[in-house]
Amino acid sequence: ASAAFLGGRGLAVARHFDSMAKSFLFVHVFLQAVSTAFACTAIVVGKDASATGYPIVTHSEDSGPATLDVRFIRIPRKTWPKGSRRPLYYWPPGYPRVVSSTVSPEYAPVNEQKETAPIGYIPQVEKTWAYWHNHYGVQNERGLSIAETTCSAKTVGWQATPDKPWGYNKASITELSMIALERCETARCAVETMGPLAVELGFYSEDSGPSTAPTYISSAECLAIADAVHGEVWIFHAMTGKGNASALWAAQRMPSDHILSMDNSFVIRKMKLNDPDNYLYSPKITELAEEMGWWSPEKETSPEVFDFYGAYGYLPGPQDTPTNLLSLWEFYAGRRMWRVWNLLTPEAAKSIDPNKGHLPDTPNPYPFSLPAPKGSITVQMLMDAHRDHYEGTPYDLTVGMAAGPYGSPNRAMPPVVGQWERAISMFRTAWSQIVEAKPNGRGIAWLGYDAAHGTAYLPFYAGATEGAPEAWRSHEGYQSKFSMKVAWWAFNLVNQYSDLNFRLINAEVQKKAHIIEAEGQEAIAKWEKEASALDEGTALAALTKRSNAFAEAKLAEWWELAFHLFAKYGRMVVTFNESETNGEDKFGQAYPDWWLASPEVGYQTWSRSGPFHGVLEKPATSGLAIEMRMLPALSTLLAGLATLFIAVGFAHEVGRRSGRAAASMDVYVAQP
């Protein structure tokens, strides 16, 4: 009846728009998941490759589309009464991430906030270490340091909160990382603490999506854990177990002269199950993979070998959309892995093909890690690696039409099928940190707010005797409320303004950042030399006051930089002073010749009869774009559909009500 009513052409149009609507909806949901899940880059440096002689881990929190609580919180050392219980919380991303005076005085309720209800408890230990926290655990007073990246897997689970009756799990990577820092001094202890707890409590990713459409792209988590006791680095992978419950986990020790990059993907592959010095894992690690047909021991050269990523890594298939999902997956992690090696250990990286990609079934896949020359990698090199957009490579995001006339690497995510390169530095980064795992409270978390390409990293000591300055933990503002009392906003403001002319303005911003970071390195050496004559408690108190004062002074300089940039680069010119003859360069922000010459720009092809706005060399086409010429047909279609919907509405309501009672939640156990 509907076909007869609409006519053949009308039905075809209806099907076209139905297909478009479904495609648009999927791409919108997919990109929401991508920008939430694909949220981190972690770089890991072994102690022998590090210029300091201690291991270093880094992390960038590349958020979106949800806001993030940007506070940098100090959780104090505590002694607990016998029989105490440690609460477990669900940690939402936005402000406030939790309200709990039990966790820290800095998380205590303010302005009529209510304490967050725990979702579970575990027995508390007698003593817990002090540590830094900003959604994940960062570094404790003993130098144990952690970096995180969300990963993909073939299983999924949810938190056991009242709004999720299908959620059975109580251990997120946030809680696991915090518990490890509270209780451990070594990386091995952290792994052996987190893994069994995940199995017992059930592991869930905080980015698992709705139960009706789980986001396997973000259903697992990866940590890099470095200690100052043995100088070891362990890589830890965790995913939900069978039936959306319990957990599967694996860990591998990285050689001390190696480096690696984790970029939203598992990196542990061929595990030697009979080598506990280098591999740790959950009980029956292969069982689910064999049961589901994801892996067979016949694929391996030895019964003691198990390919963790090959078995449990998410692999898009023909059932997935958008149509380029496989390509997105392949290079989203793979390109960054190559680039980190290319920047930090270029000789070893010569054997790495940047176009290989990184998937569970990639033939001759990338290695777990690569060696680097002894003492070759500095903290400054890691800061600059986090600022990278593939400059000088074929994948350079600062060149080409998409970068615009001013070379911006920042790319919004359009609701159409396509692909940008995923750089290490991202416009949506909330913060990044370079964490040095040093002993005696001298470990340092270099924290940089907002996008790394426009931040200055500032040092905070592992053994700090008090919290960060107020601007780093203020309640006065957050990502949805501007405040000059919040440190994050100074760096975000500079980065936003830099988008006016990225190539020009960001160069000045990075120059200032390098000056501040060099001052920080010099100050640390001076402070620690002075503190060497003091007893440990007095020394740590002095170092804390010095580093906090330094952070406040440099924050003030960054606000001054923001206002300086406003004056210098406003009005499409470069302004130096009030001189009548040389106070301003009117061509200081001139468009480049290649851009002006483009017929799509139209500057050099204008004529009195047109074109007046440039001519596209290839007319844009998109399966999601509604052409103006189709609007009359769409109008007729909508009118007909209105009549049709009224006719079927009553029958639909009857069916909906009768079917509601019989409906049940379709919970995914694992990726099909």
Checklist entry - Do any pairs count as a disulfide bond (SG atoms under 2.5 Å apart) and have a residue in residues 182-216, sequence neighbours left out, and if so which ones? => result Cys184-Cys189
Item to check | Phe460: partners by ring-ring contact (aromatic ring centres under 6.0 Å, His included), with sequence neighbours left out | outcome: Phe72, Trp132, Trp472
Item to check | is_close_aromatic(Trp338, Tyr395), centroid dist under 6.0 Å | outcome: yes
Next on the checklist: Tell me every residue that passes ring-ring contact (aromatic ring centres under 6.0 Å, His included) with Trp295, counting only those two or more places apart in sequence or in another chain.
Outcome noted: Phe306
Only distances under 3.5 Å count here; give the side-chain donor-acceptor pairs of residues 272-279 to other protein atoms, sequence neighbours excluded, each with its distance to 0.1 Å.
from, atom 1, to, atom 2, distance (Å)
Asp275, OD1, Asp277, N, 3.4
Asp275, OD1, Asn278, ND2, 3.4
Asp275, OD2, Asn278, ND2, 3.0
Asn278, OD1, Arg253, NE, 3.2
Asn278, OD1, Arg253, NH2, 2.9
Tyr279, OH, Gln252, NE2, 3.4

Next on the checklist: According to side chain to side chain contact (heavy atoms under 4.5 Å, CB included), who are the partners of Thr345, at least two apart in sequence or on a separate chain?
Outcome noted: Ile259, Trp341, Ala348, Leu370, Ala372, Pro373
Just list the side-chain donor-acceptor pairs under 3.5 Å for residues 196-205, sequence neighbours left out, or say none.
from, atom 1, to, atom 2, distance (Å)
Ser205, OG, Asp207, N, 3.1
Ser205, OG, Ser218, O, 2.5

Checklist outcome for this item: With sequence neighbours left out, the residues meeting ring-ring contact (aromatic ring centres under 6.0 Å, His included) with Tyr390 are none
Checklist entry - Between Asp307 and Arg269, does at least one N-O distance fall below 4.0 Å, as a salt bridge requires? => result yes
Item to check | Electrostatic pair Glu421:Arg335 at N-O distance under 4.0 angstrom | outcome: yes
Checklist entry - Who are the side-chain hydrogen bond (donor to acceptor under 3.5 Å, both in side chains) partners of Ser100, not counting sequence neighbours? => result Tyr89
Checklist entry - Which side-chain hydrogen bond (donor to acceptor under 3.5 Å, both in side chains) pairs, counting each pair once, include a residue from residues 436-448, with sequence neighbours left out? => result Glu436-Lys438, Glu436-Trp446, Arg442-Glu536
Checklist entry - Taking 4.0 angstrom as the limit, do Glu291 and Lys242 come out as a salt bridge? => result yes
Checklist entry - With sequence neighbours excluded, what pairs up with Pro360 under the side chain to side chain contact (heavy atoms under 4.5 Å, CB included) test? => result Tyr309, Leu315
Item to check | Ala452: side chain to side chain contact (heavy atoms under 4.5 Å, CB included) partners, not counting sequence neighbours | outcome: His386, Arg387, Ser425, Ser432, Tyr457
Next on the checklist: Suppose we screen for side chain to side chain contact (heavy atoms under 4.5 Å, CB included). Which residues come up paired with Gln124, at least two apart in sequence or across chains?
Outcome noted: Trp80, Ser84, Arg86, Thr128, Arg183
